[in-house]
Amino acid sequence: MKMRTVLTLFDRLITAMAWASGAVFVALSVYITISALGRYFGLFFTRGNDDLSSFALAFGSTFGLAYALKIDAHVRVDILFSALPPGLRNALSTVSLALMALFAGLLAVYGWTLCFESFGLGTRSVSIVQTPIWVPQACVAFGFSILALQAIRMMVELLLDQLRVRG
Amino acid sequence: QNTTWKSVALIRDSKQTTEKWAWLNEELQERTDGALSLDLSTFAELGLTGTEFIRFMSTGLVDAGELITGYVSGEVPIIEGVQMMGVYDGLDEAEQAYDAWTEAVVAPNADRIGGTPVASFAFANMYLWSTFPMEDLGSLEGKKVRVFSTAQADYLTELGAEPVTIPLAEVPQALERGVVDAVITGPDVANRTQLYEVVDYVTDLMFGPGAGWVVVSDRAMSRLDENTRTELEGVWDELQTRGWELANEENQTNLDAVIEQGVEAKVPVPDEWKPRLQEIAKEVVLPAWVDRAGGDAAVTAFNDAIAPIVGVEAGE
Amino acid sequence: MGAILLTIICILGVGLGIGLYVSVTIGFTALGVGLIFSDRPVWDALSYLPYNAVTTVTLLALPLFILMGELLLRSGITERMYDTVSKWLNWLPGGLLHTNIVASGLFACVSGSSPATAATIGGVAIPYMSKRGYDQRMMLGSIAGGGTLGILIPPSIVMIVYAVLAGESIGQLYIAGVVPGLILLGLCLGVILIAARVRPALAPKEASTSWAEKLAGLVWLLPILGLIVAVLGSIYAGVATPTEAAAFGVTGALIIAAMTGRLSLSMLRETLLATAATTSMIMLILVGAFLLQFVMAFLGLPVAMARAIAAWDLSTLQIVLACCVIYLVLGMFMESLSMIVITIPVLIPVLDSAGVDLLWFGIVVVMLVEASMITPPVGLNLFIILGLARRNELNDVGFKDVFLGVLPFFGALIVTLILVLIFPDLVFLLVRQM
Ligand code: NA
Ligand code: NA
C-alpha cells in the first residue's frame, strides 16, 4: 500500500472515531431519558446505568482526541506566540506536537498496561452489574494511541513543509 | 535513617483518620525513636477511587493504607465474603468475623493485595435511611433504594425493593425530590452529610458494617529490621482494638445525634425479621458471592471462618 | 512547599507562554514536579488517573450540554429565539446589545457551560449584528460577558464539579445561583443602557416592532421553555438527577430539531463531530488536571498550604478575600475546571475550619470562574468570540478589542461578587424557600 493510501485511511478512521464518540453521547442521552422516565413512573428499572455512563464517557472522551488535534481544537495560548516571527513559530509548533505525541504516547503505554493487567486478573467494576473493566480501558488506551499517531503525523508533515520551504 | 510511610485513608474527617491514624503515627515515632513516621493523604485528595489501592501498594507508590472490603471486590472477590448482608447481629459479631477472615482469607492472599493486613477496622454499621417508615419487611415493596454493590442489590431485590445507582453527590437531593426513597449508609456519614434533613427513618436491616483492613506493603515491611518488626506486633493489636472501639463509638454517638434531629430509629434489627433476612443471605446473596468468588474454596472459607460466629452456612 | 509551588508556576508559565497545548503543559508539569520532588514511582499514576478522569460519571453533564448547544444551534431555534427577544428589547437605547444579554440568560437556563452559551449566542448574534453599525467592541464584549451567565444560572457544570469536590448539594447550589444570576443580568443591561446614553454612537436606533409582531414572536420561545421544563423541571419534580437532566436536554433538543425539520444525516454528522472535538479537548485538560492534583496531594501540598493559611490566623472574611484574590490571579492563566479541581480540595479544609458556609462560597467560586473566562491571557470566552469574529470576516478585530469590550461586563461581574460578599442572604434567599 502506498503511504498516501495509508494516510487517507487513517484520516477516515479518525473522523469515524470522532463521529462514533458523538453518537455514543446521543445514544446514552436517549437511554438515560427513557430509563429515568421508566423509574419515575415505576414501569421498569434498569440496572447498571452508572457503569454504562462511565463507559460511554470513557469512550466519548478519548475517541475524539485525534480528530480534535487534526482540526486544531486543542487549546493553546497564542498571545505571545502570534507576535513571534514565522520561523520561530513553526519551530514551537513542532515542539508542541512532539510533546503532545510524547504525552499521548505515555498515556497510551500506561493505558494498555492497565488494560492487560485488568484482563489478566479478570477485574470487574465495583458496582451492581460488575462488568469486566478491561473493555473501557482498552477503548481509552486506543484513543490515546491514535492521538499519539496523529500528533506524530502532523509533526512530520510540519517538518517536511519547513524543509521544503528552505530547500 | 528516618523513614516516612506514605499512607492513604478513605476519608479525612472520620475518627478512623483523625484519631486512629493520628495515634498510630505518634506510636510509631515513639517506638522507633522517630525513625518511622506516617504521611497521610486520602483517596479523594489524590483523585483516586480506592480501587487502585492494591496496585499502588505493589509499585511502591504508597506504603500503607486502608483496604476497603467493597472496593477490592472487583479484583479479589473472595475477600467480599466477609461483607455479607443478613448475617451480622451487630458490630461485635462483625468484628469477630473480620478477625477470623484476616487469618482465613486476607493474609493468605497477601500477594494479591500487595501487603500484610495488620489490623481490621470498621467505620460504622450500615443502615437503611428512608423517607418512608419500615413497619415490616413488606414496607420495602416497590421502593427505590440507592445501593452501591451487587450484594446489596441482590438482597434488596429479594425484599421487593428496586435497586438504583446514582452518584453519591446526588443522593441528598435525590431523597428530597423522591428520585429515590432510601439509601444505605452509616450513621457517621449520615450525620456528617446532614441526611436527617431529607429522611425520617433509620432501620437496621443487617447490612453489616463498612469496614476493611489497614495494610502495610511488603516492601515497607521488609525494610524494617527484625527488632522493629517484633516491636510493632503489639502496635497492630492495639490498632485493631482501637479501630473497632472507634467504630462502636462513631456508630452510637452519630445515631444518637440523628435521633436528636428527629429521625425515628429501628435499631437493632427486630428479632422477628432475622429469620427472613438470614434466609435471603443463605439462599440468594451468599450463593451469588460464591459464584463470583470461585466456588468451593469460597464455601469452605466462609463455613470455616464466619459460619461458627453468625450461625449462617453457605451451601454448595 | 515554596519550591514545589514555584516549580509548578514556572513550568506552567513557560509551557503556556510558548504556546504548548494547555492539556500537555498541565500533564507534564505534574510529571515533572513528581519526578523532581519525589523518589517514588509517581509516573505509575499515569495508568489509573487518566482512566479515573474519563470515567468520573459526574463529569458526564459536560459533553451532554455541549451536544445540546450544537443541536439547538443547528436546529435554527437559537436564531428564532434571538429574533424574538430582539423584537421585545430593540426600543431600548443600545438595541440588540440588550438582546445578547437576555438571550444568553435564557439559553443559560438550559445550558450548563459558559463557553457553550457564548458560542451558541455568538453564532447567531455576530452575523446578525455585524452589518448594522454596532460598535464592534461593545458587540463582542456583550456576547463574551453574557456567556458567563451560563454557569451562574442553573444548570451549571462548574456547580456540579464544585458540589462533588466540596460535598455540597447540586440542587441547592443551582437554586443559590438564581438571584446572583438575575442581579448580574440586570447589571449587564444597566451597563449597556448607561453606555448607550453616554455614547449614542455605540448602537444604531432599531426600528420599533408592532405588538402583533412581538406577540407572534413569542411562539419561538416555546421550544426553549419546553427545554427548561425538561431540564430543570425534571430535577425539581424528582424525575431525574442533575446529571440525568442534561440527558433530558439532549433528547429534548433532538425532538426540537426533528420538529423544525432540520434534523438530517449531514446536520447530525456536523453536530457529532463538533461535540466530539470540544469534549475531547476539555477531557484531555481534565486528565492533566487530575495528574497535577494527584502529584500536589501526594507531595502533601494541600495539607501544607492549609496549615500555612491557618497559621496566618486570618478572620473568616480575610480568608474569603484571600481566596478571591488567588482565584482572580489564577483565573487569568488557568482553565476553569482544572482551576477548581486543583484548588477546592486544598481550600475546603481551611474554609471549613474557619466556619465559611460552603454553599455560599460555591457561588463566590462560580463567579470567580466566570471572571476567569473573560480575563486575559487565558479566557475561554474571549477565544471563542475572537474565533467567531474571524469566521464572520471581522478581520480587523483583535484580541485587544474583545478584551476591552468585555471590560464593562467584567465590572458588572465584580459588583455582583461584592454584593454577594456583603449580603450572603442573596445566596440563601431562595434556598430557604425550597
Ligand atoms: Na446554566
Ligand atoms: Na482568564
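We use all heavy atoms of the structure for the numbers below, so side chains are in, but hydrogens, waters and symmetry mates are not.
Of the two parts of T4(B), only the backbone, made up of N, CA, C and O, holds a non-hydrogen atom closer than 4.5 Å to a non-hydrogen atom of chain C. At a 4.5 Å heavy-atom cutoff, the contact between I166(B) and chain C is made by side-chain atoms alone. Using a 4.5 Å cut-off between heavy atoms, A237(C) contacts chain B through its backbone alone, with no side-chain atom that close. Interface residue S41(B): only side-chain heavy atoms are found under 4.5 Å from chain C. Of the atoms belonging to R12(B), it is side-chain heavy atoms, and not backbone ones, that fall under 4.5 Å from chain C. Heavy atoms of L168(B) lying under 4.5 Å from chain C are absent altogether.
With 3.5 Å as the limit, one finds a donor-acceptor pair spanning the side chains of T228(B) and D225(B). Looking only at atom types and distance, the side chain of Q173(B) has no donor-acceptor partner in the side chain of T241(C) under 3.5 Å away. Side chains of T49(B) and E52(B): a donor-acceptor N/O pair is present below 3.5 angstrom, by distance only.
Looking only at heavy-atom pairs under 4.5 Å with chain B, the residue among T55(C), I235(C), I160(C), V239(C) that has the most is I235(C). Here R55(B) is the residue among Q194(B), R55(B), E45(B) with the most heavy-atom pairs under 4.5 Å with chain C. If you tally non-hydrogen atom pairs under 4.5 Å between each of V62(B), L46(B), V179(B) and chain C, the highest count goes to L46(B). Contacts with chain B were tallied for T56(C), T243(C), V295(C), V57(C); T243(C) has the most, counting heavy-atom pairs under 4.5 Å.
In terms of modelled atom types and a separation under 3.5 Å, the side chain of Y236(C) and the main chain of G171(C) share a donor-acceptor contact. A donor-acceptor pair under 3.5 Å links the side-chain atoms of D181(B) to the main chain of K144(B), judged by distance alone. Although no hydrogens or angles enter the test, the distance criterion places a donor-acceptor pair under 3.5 Å between the side chain of R192(B) and the main chain of D13(B).
For a heavy-atom cut-off of 4.5 Å, chain B lies close to D44(C), A45(C), S47(C), Y48(C), L49(C) in residues 44-51 of chain C.
With a 6.0 Å radius and a threshold of 12 heavy atoms from other residues, nucleotides or ligands, F56(B) has its CZ atom above the threshold.
Each of N251(B), T185(B), T203(B) was checked for a side-chain hydrogen bond (donor to acceptor under 3.5 Å, both in side chains) with Y127(B), and the lone residue meeting it is N251(B).
Using the six-membered ring where Trp is involved, F298(C) and F294(C) have ring planes that are parallel, under 30° apart on the 30 and 60° scheme. Below 30°, between 30° and 60°, or above 60°: for F53(B) and F43(B) the angle between ring planes is above 60°, a perpendicular geometry.
A salt bridge does not link D188(B) with K15(B): none of the charged nitrogens is closer than 4.0 Å to a carboxylate oxygen.
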